[in-house]
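Keep in mind that this is a model prediction, so the values were computed, not measured. Counting begins at 1 with the first residue of the sequence.
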Amino acid sequence: MEDLIPDAEKRQMVLQRLYQGDPLVGDGGIFTDLLQALVNAALEGELDGTLSEGTESGERNRRNGHNTKHVKSRVGPLEVHTPRDRQGLHEPKLIGKWDRELSSGMDEIILSLYAHGQSIEDIRRQLQSLYGVEMSSGTISAITDRVYNEIINWQQRTLNSCYAIVYLDAIYYKIREDSKVVTKAVYTVYGVDLDGQRDILGFYLQATEGARYWGLVLEDIKKRGVEDVLFFCVDGLSGFKEVIAQVYPMSIIQRCIVHMVRTSTRFVSDKDLKAICVDLRKIYNAADRDQAAIALEAFGEKWDKKYKEIRPKWEENWDELMAFMDYSENIRRMIYTTNPVEALHRIMRKVTKTKGAWISEKALIKQLYLSLMHNKKSWSKKAFGWPSIARELKEYFGERFDKYAF
């Protein structure tokens, strides 16, 4: 205590307030005095380090008084005494010469709470309750707004030249707009590069999901450096195949089998659901396309009379549904479904499920970005068993794979 607060009278006052149980932070909190003493002691230590280093000329450097200024902190204003050196070589690190605010780490706490799905008002109340810090909603909002430039840079960053697999899917949110609550789609592009590394290539907000806008999304990732994609895995959105072919004509398009099964069983009665799913599984678990076609024929003979709409759906989309049949089991497992991007969407829903509607598009984008970055370890893992998959991709795609391989 003597080193931190040399003034005996002030030291005694701080100790007395500690024993009285006075608040540590907030208005009138005693931590302001302690923090001020700690900051000034740290600044003195910084100058000690500079003086011990000496100078190139060998001339001895010395202390040369102090500069006094007031700086803002989360626990109140501080009176800071920055020591000077005679030769003017010292550059304080804790609080720079022109700084007028001491970072307390509160910004990181606010961003972490926001990433966990807390609203601005929730954060304000928690800071008051847990830390005794009174902060306005406007200040908290301004702190979260600082991340927006980071989001723009992330969204515009250069991407890899080629991706082995890209999953495309959309998730919906409600946003307040012009005194109304409207539903908008967030388009998610989730890829696996030729080194097996997963990454979110971007997410885009639009009024509705449609093939035309997916075409604009693909144009954007192409502009950002993606020259080729080996496989696209998509749901059953009308026109998907055509817009992908316009931007990436050499890509193989795999329609999600899981989505197709859900669509096929939407109007199946409960008593038949299990049997229908078993028979559909025989189709997509077949050894090859010919065996799958035989299984589909058998399915029709058994179920056409009762559910005549199911088999035509599979026949109409047969090429996109069976694209994965041309490859080994390892590759099939990677491309037959959009489940990886749906797992990503579950992370997004986890922090947003309690929200009725966002006040703006910007607020939604901030929350989604921060939640994804906070959970990066869960979605950025390298694909399991990638070396063997990469060998098979090299075998199937030859020079096209070698052109972009790391």
Side-chain angles (χ1 to χ4, degrees), residues 103 105-120 122-123 126 140-141 143-173 184-205 217-218 220-221 224-226 229 231-233 333-335 337-355 358 361-387 389-390 404 406:
S103 174
M106 199 61 70
D107 290 9
E108 287 72 21
I109 294 173
I110 290 170
L111 292 176
S112 178
L113 291 171
Y114 200 72
H116 280 85
Q118 300 295 316
S119 68
I120 298 294
D122 290 338
I123 295 171
Q126 289 194 46
I140 296 171
S141 182
I143 291 171
T144 62
D145 280 347
R146 293 174 192 168
V147 80
Y148 208 69
N149 285 335
E150 180 183 330
I151 296 174
I152 293 172
N153 292 333
W154 176 80
Q155 187 70 13
Q156 296 177 351
R157 75 196 189 280
T158 301
L159 301 173
N160 291 338
S161 300
C162 181
Y163 286 84
I165 307 161
V166 169
Y167 305 93
L168 305 177
D169 199 11
I171 182 172
Y172 295 88
Y173 290 99
K184 294 198 174 186
V186 174
Y187 292 62
T188 309
V189 184
Y190 187 43
V192 182
D193 65 23
L194 297 188
D195 197 34
Q197 189 64 48
R198 296 185 175 98
D199 193 16
I200 301 170
L201 309 191
F203 55 82
Y204 306 78
L205 191 63
V217 168
L218 296 177
D220 180 67
I221 66 169
R224 291 163 56 204
V226 182
V229 176
F231 297 98
F232 278 100
C233 188
R333 193 163 48 246
M334 290 285 294
I335 68 173
T337 177
T338 58
N339 276 355
V341 72
E342 292 191 8
L344 186 70
H345 285 169
R346 281 195 291 274
I347 296 173
M348 297 160 72
R349 287 192 185 97
K350 186 176 180 180
V351 298
T352 59
K353 62 184 178 182
T354 59
K355 303 293 188 300
W358 270 260
E361 293 183 0
K362 188 176 181 179
L364 172 60
I365 293 297
K366 284 191 301 182
Q367 186 125 64
L368 292 179
Y369 174 80
L370 287 170
S371 66
L372 289 171
M373 294 303 109
H374 184 79
N375 291 281
K376 190 171 183 178
K377 287 184 178 179
S378 64
W379 55 259
S380 64
K381 296 177 182 177
K382 190 168 183 176
F384 178 76
W386 187 256
I389 295 173
Y404 300 105
F406 302 133

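- At least one side-chain heavy atom of Ile200 sits under 4.5 Å from a side-chain heavy atom of Trp154.
- Between the CG atom in Leu364 and the NZ atom in Lys184 there is a gap of 10.0 Å [rounded to 0.5 Å].
- At least one side-chain heavy atom of Gln155 sits less than 4.5 Å from a side-chain heavy atom of Tyr204.
- Within the 4.5 Å cutoff, the side chain of Leu344 has no heavy atoms near those of the Ile171 side chain.
- Here Asn375 contributes atom CG and Arg346 contributes atom CZ; the two are 13.0 Å apart, rounded to the nearest 0.5 Å.
- Put simply, the side chain of Tyr163 never gets that close to the backbone of Leu201: no donor and acceptor are under 3.5 Å apart.
- Inter-residue side-chain proximity for Ile347 and His345 is flagged as unmet; no heavy-atom pair is nearer than 4.5 Å.
- Contact of the Asp193 side chain with the Asp199 side chain is not registered, since no non-hydrogen atoms from C-beta on lie closer than 4.5 Å.
- Of the possible donor and acceptor atoms, one in the side chain of Trp386 sits under 3.5 Å from a partner among the backbone N and O of Leu194.
- For the atom pair Leu370 CG and Glu150 CD, the distance stands at 7.5 Å (nearest 0.5 Å).
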Where do Val192 and Arg198 land on the side chain to side chain contact (heavy atoms under 4.5 Å, CB included) test, with the steps shown first?
-> CA-CA 4 Å; Val192 182; Arg198 296 185 175 98; 4.0 Å; yes
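- Val226 is not listed as a side-chain neighbour of Val166, based on a closest heavy-atom distance of 4.5 Å or more.
- Atom CZ of residue Phe203 and atom OH of residue Tyr369 lie 8.5 Å apart, to the nearest 0.5 angstrom.
- Residues Ile151 and Lys366 approach most closely at CD1-CA, 3.8 Å, considering heavy atoms.
- The minimum heavy-atom distance linking Thr338 with Leu168 is given by the pair CG2-O, 4.3 Å.
- Here the side chains of Phe231 and Met334 are not in contact, with every heavy-atom distance at 4.5 Å or above.
- Proximity of Ile165 to Tyr167: side-chain heavy atoms (C-beta onward) are separated by under 4.5 Å at one or more points.
- In this structure, Tyr172 places its OH atom where more than 12 heavy-atom neighbours from other residues, nucleotides or ligands lie under 6.0 Å away.
- Here the shortest heavy-atom pairing between Arg157 and Arg224 reads O-NE, 3.0 Å.
- For the atom pair Gln367 CD and Leu372 CG, the distance stands at 10.5 Å (nearest 0.5 Å).
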